[in-house]
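Taking it in order: structure first as structure tokens, then the write-up.
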Amino acid sequence: MFTDPRTLVDETLDRLETLAVLLADEVDERMHEHAELSPDARRCKEALLTMKVLIPKLREARAAQLFHGSRNPLALCGNCE
């Protein structure tokens, strides 16, 4: 089964953004210091921090994809072949 790369990136962004909101609620960053968090909450916070790095990179890849898409509809980003 082939998934269009643009659709895949868009769906992935939507899901990661939803997951980031859920993890932020779980950790409730405004109320706890990192040392006070339970081990599960610490893992949620670490995953959230990772997503905060990944989501902007995926947005950049999507923007590059849209820019280069007119030349190559299957291109994922400017660095992909």
Side-chain angles (χ1 to χ4, degrees):
M1 181 170 119
F2 177 75
T3 301
D4 176 52
R6 290 180 191 140
T7 303
L8 182 60
V9 170
D10 287 340
E11 289 174 356
T12 301
L13 272 169
D14 288 343
R15 289 180 180 164
L16 283 173
E17 288 168 344
T18 300
L19 182 57
V21 169
L22 294 172
L23 290 175
D25 287 344
E26 183 72 25
V27 174
D28 193 10
E29 291 179 299
R30 296 163 292 177
M31 301 300 290
H32 302 285
E33 292 296 322
H34 190 73
E36 296 176 6
L37 297 174
S38 70
D40 287 339
R42 260 189 241 127
R43 283 188 284 275
C44 288
K45 186 168 186 166
E46 289 169 5
L48 181 60
L49 293 172
T50 301
M51 284 187 282
K52 286 182 178 183
V53 172
L54 180 59
I55 289 171
K57 290 180 183 286
L58 282 172
R59 286 185 183 138
E60 290 173 11
R62 180 177 58 189
Q65 184 180 33
L66 293 174
F67 176 74
H68 295 292
S70 60
R71 287 184 255 157
N72 181 3
L74 297 178
L76 289 174
C77 64
N79 296 325
C80 298
E81 296 179 16

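Numbering starts at 1 and runs along the sequence shown. Keep in mind the model is a prediction, meaning the values are calculated, not measured.
Listed by chain and number, the residues in a side-chain contact (heavy atoms from CB on, under 4.5 Å) with Thr12 are Leu8, Leu16, Leu58 (sequence neighbours excluded). Checked against salt bridge (charged side-chain N to carboxylate O under 4.0 Å, His left out), Asp14 has no partners two or more places apart in sequence or in another chain.
The shortest non-hydrogen separation linking Ile55 to Ala20 is CD1-CB, 4.4 Å. When all heavy atoms of Val27 and Ala41 are compared, the pair lying nearest together is CG2-O, 3.5 Å.
The pair Arg6-Glu11 fails the salt-bridge criterion, with no side-chain N (NZ, NE, NH1 or NH2) lying under 4.0 Å from an Asp/Glu carboxylate O.
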Derivation and outcome, salt bridge (Lys or Arg N to Asp or Glu O under 4.0 Å), residues Arg59 and Glu17: CA-CA 11 Å; Arg59 286 185 183 138; Glu17 288 168 344; 2.4 Å; yes
Derivation of the side-chain contact (heavy atoms from CB on, under 4.5 Å) call for Arg43 and Asp40: CA-CA 5 Å; Arg43 283 188 284 275; Asp40 287 339; 2.4 Å; yes
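Taking CD of Glu46 as the reference point, atom CG of Leu23 lies at 11.5 Å (rounded to 0.5 Å). In this structure, the separation between CD on Glu26 and CG on Leu19 is 11.0 Å, given to the nearest 0.5 Å.
Residues Val9 and Leu54 are members of one and the same hydrophobic cluster, defined by side-chain heavy-atom contacts under 4.5 angstrom among Ile, Leu, Val, Met, Phe, Trp and Tyr.
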